[in-house]
Amino acid sequence: MPALPPARRAALRRRLLAWYDAGHRDLPWRVPQRGADPYRVWLAEVMLQQTQVQAVIPYYERFLRRYPTLGALAAAREEDVLALWAGLGYYARGRNLLAAARAAQARHGGLPASLDALRALPGFGPYTAGAVASIAFGIAAPVVDGNVARVLARLFLVEGEPAAGTVRSRLWALAGELVDPARPGDLNQALMELGATVCVKPAPRCGRCPVAARCAARAAGRERAIPPARGRPARRPLELACALVERAGAVLVVPRPAAGLFGGLLGPPSVELAGEDDPATALARTAREAHGLALAVGEEVARVERTLTHRALTLRGYRCTLRAGPPAAARWVARGEEGVALPTAFSALLATLFSTSRRVRCKNPHSRPGRLADKLARQRSSLTRGSSSV
DNA sequence: AACTCGGGGCG
DNA sequence: CGCCCAGAGTT
């Protein structure tokens, strides 16, 4: 049963597209409105998963300079791709991006102009497949991300958590009826733009909304209550003992397993501490068994605490010495070497080693505007100097 | 359906 | 501090 009478659907499309055309944010991946490069659209969509536009922009530009085409990416090494992803989070995105680039090249000679073929590539879920199909290929496929879910839930007064099965399918059905056959990418982006800039979470700016007069939630006075907050599992503590082996101003790191936290990135050899484990004993055992490292574990010399969405992370750094030569998989990260696949938490831990004061950091550094840009600038400059691993 | 997976911005 | 962010994969 169509929830949307044709006349109303046409009016909504017209208003949304006119509003979008009248002025939307000028974002790097929107530069060529016509003949958009599917690879660029895709890269942006993956980076934007659960990540705000402002955080993505510097990463997007840097990644594109290094890998300007799908073919260039497909030929890349995974460690290099993850080094460009370091700090952005959700590192499975980076690994899947590379895997999908290679698969798309092999199967289709590029990104396929088909919703089903896109959906079959790693990292292409319902949203990303719809976004690339509609924006890059002009296929009339809907998208529902957090923004669209909020806009549609308010516009049509859809109660309940958007993640719940019935609500989710209702939102996708509405998006499917609304998507414009002639301009699917622009209609989808108009919905997302509206959610990001006008129909925002805490206090929607209905005075600037092109469809406020037709909004059911606003008519019911419930626009601030819809949708309800997404229920999240409680944040649990996670304590890692980390082996800090220093040599000639560099610290030893090893690759982490693909599954789990910081999967596929580099980090000092580490072990999760549980219960009454003796950190030194557990660390020496894990280093030996997992990495073939013979370590003499000394005293704790650094501690870093960071809050992730689902984890209260504590890194305890123990000064260690090698009792034998390091295995081949080991790498040395020099001071100031930033073009390395290190997650932010490990970078902070290593930074305490390199700092003259050796002061223990007990909380996240206070964020201030420009900090991210500074960080990216440092990474760029170190990249241009080339990798300086020993 | 519920979990897991980062990191930062903002009220 | 809590909640969110152009979600996807696994169990």
Side-chain angles (χ1 to χ4, degrees), chain A residues 24-25 27 29-30 41-60 82 85-97 99-100 118-119 121-132 134-135 142-151 161-168 175 185 188-197 200-203 227-236 238 256-265 306-313 342-348 363-373 375-376:
Chain A
H24 53 69
R25 292 172 296 173
L27 302 175
W29 42 90
R30 285 180 177 163
V41 173
W42 171 43
L43 176 63
E45 295 302 337
V46 174
M47 287 189 166
L48 286 163
Q49 289 168 12
Q50 296 294 287
T51 309
Q52 295 180 346
V53 165
Q54 183 181 352
V56 163
I57 288 175
Y59 281 85
Y60 175 81
L82 291 176
W85 213 274
L88 198 55
Y90 285 168
Y91 299 104
R93 293 184 295 175
R95 294 197 312 274
N96 284 333
L97 185 84
L118 289 170
R119 186 69 178 79
L121 296 168
F124 278 84
Y127 167 78
T128 304
V132 172
S134 61
I135 298 170
V143 299
V144 177
D145 70 334
N147 288 315
V148 177
R150 188 170 54 254
V151 169
E161 296 189 21
T166 57
V167 178
R168 187 173 63 236
N188 288 341
Q189 290 187 87
L191 286 172
M192 293 191 276
E193 183 88 0
L194 188 65
T197 63
V200 292
K201 174 63 185 171
R230 188 218 282 206
R232 276 193 175 79
R235 184 153 47 227
R236 294 175 303 161
L238 176 63
R256 297 177 59 82
L261 195 66
F262 308 138
L265 271 71
R306 301 188 78 84
T307 302
L308 311 180
T309 297
H310 49 291
R311 294 286 185 170
L313 181 64
L342 277 176
T344 305
F346 287 143
S347 289
K363 57 202 306 189
N364 293 358
H366 184 264
S367 300
R368 61 177 197 276
R371 188 173 168 276
L372 184 62
K375 175 172 147 188
L376 269 295

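Letters A, B, ... are given to chains in the order of the sequence lines, protein chains preceding strands, and every chain is numbered from 1. Treat the numbers as computed from the prediction; the structure is a model and nothing was measured.
- Shown here for A/L97 and A/W85, the closest heavy-atom pair between the two residues is CD2-CZ3, 3.9 Å.
- Using a 4.0 Å heavy-atom cutoff across all strands shown, A/A131 reaches no nucleic acid atom at all.
- Rounded to the nearest Å, the gap between the P atom of C/dT11 and that of B/dG6 is 16 Å.
- Taking atom CE on A/M47 and atom P on B/dG7, their separation rounds to 15 Å, with Å as the unit.
- Put simply, the side chain of A/T344 and the base of B/dG7 share no donor and acceptor less than 3.5 Å apart.
- The base of B/dG6 sits with one of its N or O atoms less than 3.5 Å from a complementary donor or acceptor on the side chain of A/T51.
- In this structure, A/T128 reaches the C/dA8 phosphate: one of its side-chain N or O atoms is under 4.0 Å from OP1 or OP2.
- Taking the side chain as every heavy atom from C-beta outward, A/V56 and A/W29 approach each other to under 4.5 Å.
- Residue-level contact check: A/G260 touches the backbone only, with heavy atoms under 4.0 Å from sugar-phosphate atoms and none from bases.
- Checking B/dT4, B/dG6, C/dC4 against every side-chain atom of A/L308, the shortest atom distance belongs to B/dG6.
- The CZ-C1' distance, from A/R230 to B/dA2, rounds to 12 Å in whole Å.
- Checking A/Y127 against A/Q49 by side-chain atom types alone, no donor-acceptor pair falls below 3.5 Å.
- Atom NE2 of A/H310 is separated from atom C1' of C/dC1 by 18 Å (rounded to the nearest Å).
- Computed from coordinates, the A/I57 CD1 to B/dG8 C1' distance equals 14 Å when rounded to whole Å.
- Phosphate proximity of C/dG9 to A/R93: absent, as no side-chain N or O sits under 4.0 Å from OP1 or OP2.
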### Task
Determine, stepwise, if the pair A/V132 / A/F124 fulfils side chain to side chain contact (heavy atoms under 4.5 Å, CB included).
CA-CA 9 Å; A/V132 172; A/F124 278 84; 3.9 Å; yes
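- Sequence order on DNA chain C of the closest nucleotides to A/Y127 and A/P122 puts A/Y127 first from the 5' end.
- OP1 or OP2 of C/dG7 has at least one side-chain nitrogen or oxygen of A/Q50 nearer than 4.0 Å.
- Going from atom CG of A/L194 over to atom C1' of C/dC5 covers 16 Å, rounded to whole Å.
- Residue A/R150 has no polar side-chain atom (N or O) positioned under 4.0 Å from OP1 or OP2 of C/dC4.
- Paired with A/P343 under the rule side-chain contact (heavy atoms from CB on, under 4.5 Å), one option of A/L82, A/L265, A/L261, A/L313 passes, and it is A/L265.
- Protein atom CG of A/L238 is 11 Å distant from nucleotide atom P of B/dT4, rounded to whole Å.
- Looking at A/R25, its side chain comes within 3.5 Å of the base of C/dA6 through a donor and an acceptor atom.
- With DNA chain B read from its 5' end, the first of the two nearest nucleotides for A/R236 and A/A164 is the one closest to A/A164.
- C/dA6 and B/dT4 have their P atoms separated by 24 Å, with the value rounded to a whole Å.
- Separating the CG atom of A/L118 from the C1' atom of C/dA8 is a distance of 15 Å, rounded to the nearest angstrom.
- Atom CE in A/M192 sits about 17 Å away from atom C1' in C/dC4, given to the nearest Å.
- Within the structure, a side-chain polar atom (N or O) of A/Y91 is placed less than 4.0 Å from OP1 or OP2 of B/dG7.
- Taking every side-chain heavy atom of A/R168 into account, B/dA1 is the closest of C/dG7, B/dA1, C/dG9.
- Separating the C1' atom of C/dT10 from that of B/dG7 is a span of 22 Å, rounded to the nearest Å.
- To the nearest 0.5 Å, atoms CZ (A/R150) and CG (A/L191) are separated by 11.5 Å.
- Under 3.5 Å, the side chains of A/Q50 and A/R93 contain no donor-acceptor pair of N or O atoms.
- Between A/R235 and C/dG2, a side-chain N or O to OP1/OP2 separation shorter than 4.0 Å is present.
- Residue A/Y90 places a side-chain atom within donor-acceptor reach of the base of B/dG6, judged by atom type and a 3.5 Å distance cut-off alone.
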